[in-house]
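Heads up: the structure comes next, in structure tokens.
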Amino acid sequence: MNYKLTSPSADFIREIISGDLKAGKHGGMIVTRFPPEPNGYLHIGHAKSINLNFSIAEENSGVCHLRFDDTDPIKEETEYIDSIIEDVRWLGFDWGDHLYHASNYFNRLYDYAVQLIKDGKAYVDDLSREEIREHRGTLTEPGSESPYRGRSVEENLDLFERMRAGEFPDGSRVLRAKIDMASPNLNMRDPTIYRIRRVPHPRTGSDWCIYPMYDFAHCLSDSIEGITHSICTLEFEDHRPLYDWFLDELKVDCHPQQIEFARLNLSYTILSKRKLLQLVGEGHVAGWDDPRLPTLSGLRRRGYTPESIRNFCRRIGVAKKDSMIDVALLEHCVREDLNKRSPRVMGVLHPLRVVIENYPEEKVEELDAVNNPEDPSMGTRKIPFTRVLYIERDDFREEAPKKYHRLAPGREVRLRYGYYITCVDVIKDEQTGEVTELRCTYDPETRGGYSPDGRKVRGTIHWVSAPHSLEAEVRLYDNLFLKPNPADAEDFTSCLNPNSLEALTSCRVEPGLKGAEPGSRCQFERKGYFCVDPDSTDKKLVFNRTVSLRDTWAKIEKAQRK
Ligand code: ATP
Ligand code: MG
């Protein structure tokens, strides 16, 4: 795993760009773009690309376009388009008027293809997909030329026009660039640039039955929009000669520079739309916004803030070499952000009933609690204290070792913002032997959690008033995969973690949380950061645990410093 972090000012892309600006290229204007294909929901890997493209534009007073690369209607849906718009906006980026669709350029792309044919640089091929693959050769052997490669310009123009007019069945013919079947770069061996597909398009309907291929559409869309730097991931490095070939052959005015960077890989996580689609489709998760998924909608539902994701992207930086980022860093970033902004409350996940024997039956006291010790401006709140309370089941042990600082028979603990209590008796279920209730006494002198006689207790535990508390469901999450690199597994679904979701259905939380809106966040003291789920109803709140309080990343960093 690679823990080395680069600062945003130091990365190689920003160096190229500042060099270009110094050299007076592009008239001093920087235009980038984020070009998602609307065939799935965005994930945290896309956030890296979004953050990079929009930040670079921002830092240089430039603009960043949002462009849908919607050239393949088979896999593309409007639902995806809407979710992508929502997610980029949620991350806090603004494309102004610059929302584009590659499908808007279908006419111009068609004209460019005609120009290539006229220049003798493209031809209609009647070989089947299979045959084209067979003719392609291998990394060590050159390809062989199609028997249709020598067609005249006139014949090619006529056939291409008829392809467009719908005269030929799907898959019967393609338009190919005429480059070099012996090129050591397979992408340059006469790549297909148009194919016939009678599939209605979400935006152009049935206007077209031929669609351009990615490599052809992408560079030209960049050029049409006046993109200066076309930033993409490393797998496109071998496509760059083709990117440049189209633009050179077509002698376009604007020739953007393609720059590749390493995509984000995150441990215990899958970052591939195809595989995420499979997880959703096969029901391994509840949907694209399942809080266990690395999709932006999943992270949002889980309680991640856009700021924490942007900060994560800034910290991982960009490099030219593939690496794996520890998911603990992502969790560290959200913890850091939530620590500052989250009000603290008390919530008991596994309730154990406690009766304070010397506390009056009907009495209710309003105790003062601090909302966020990190931020005094967040003020204080009142929490009710009563004779019957709930505490966390694992804050009590009948047989407690010496170092156990919580509650045990005969031992005293502090209730957070409350009183000192001592356990005097344990009630058990006669049949199962399970502890069902603790009988305790409290020391009235210790209100607020301090003893005037200076008596110390070792432990402080959280609690709620039994009659005032609200019932809640709390969903705890673990990694969706058991292996650090599930993408390496032959079948990535074989290493799904069967315990990635634990739903606790009878938790008790502070009464002040009544009516908490979906999306609102808090820290349950000692239990982690939580976010109200849209599944919440008036009757029952549902919380997702965003992240626990245990910071494994801080430990890793500390170990590295040593
Ligand atoms: P996936 O590999 O998940 O299917 P994709 O590359 O097919 O993603 P696109 O919609 O084409 O998805 O991606 C839009 C942009 O996001 C592209 O520029 C792509 O390079 C970038 N991108 C996709 N995945 C990552 C990643 N893991 N890290 C960084 N950038 C990414
Ligand atoms: Mg892609």
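What's counted below: heavy atoms across the whole structure, side chains too, no hydrogens, waters or symmetry copies. Order of appearance sets the numbers: ligands from 1, and atoms from 1 within every ligand.
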Taking the non-hydrogen atoms of K275, is any one of them nearer than 4.0 angstrom to ligand 1? no
Residue R129 excluded, over 12 heavy atoms near CZ under 6.0 Å: no
Over 12 non-hydrogen atoms of neighbours within 6.0 angstrom of CD in E161: no
Sub-3.5 Å N/O-N/O distance, [X] and ligand 1:
{"X": "L264", "result": "yes"}
{"X": "R274", "result": "no"}
{"X": "I231", "result": "no"}

Considering only heavy atoms of [X], which atoms of ligand 1 have at least one such atom less than 4.0 Å away?
{"X": "H46", "result": "8 (O), 9 (P), 10 (O), 12 (O), 13 (O), 14 (C), 16 (O), 22 (N), 23 (C)"}
{"X": "S49", "result": "16 (O), 21 (C), 30 (N)"}
{"X": "F34", "result": "14 (C), 15 (C), 16 (O)"}
{"X": "S272", "result": "3 (O)"}
{"X": "L271", "result": "3 (O)"}
{"X": "H43", "result": "3 (O), 24 (N), 27 (N)"}
{"X": "T233", "result": "19 (C), 20 (O), 29 (C), 30 (N), 31 (C)"}
{"X": "E37", "result": "9 (P), 10 (O)"}

Would you please indicate yes or no on a ring centroid separation below 6.0 angstrom for F261 and F12? no
Nearest heavy-atom neighbours spanning V334 and T305: CG2-N, 4.2 Å
Quick one: sort the [X] and [Y] rings into parallel, tilted or perpendicular, breaks at 30° and 60°.
{"X": "F216", "Y": "F246", "answer": "perpendicular"}
{"X": "Y100", "Y": "H98", "answer": "tilted"}
{"X": "Y211", "Y": "H201", "answer": "parallel"}

Under 6.0 Å from the six-membered ring centre of F93 and within 45° of its axis: does the NZ or CZ of R310 meet both? yes
Between R133 and E130, does any side-chain N to carboxylate O distance fall below 4.0 Å? yes
Return the option from K273, H218, E235 holding the heavy atom at the smallest distance from atom 4 (O) of ligand 1. K273
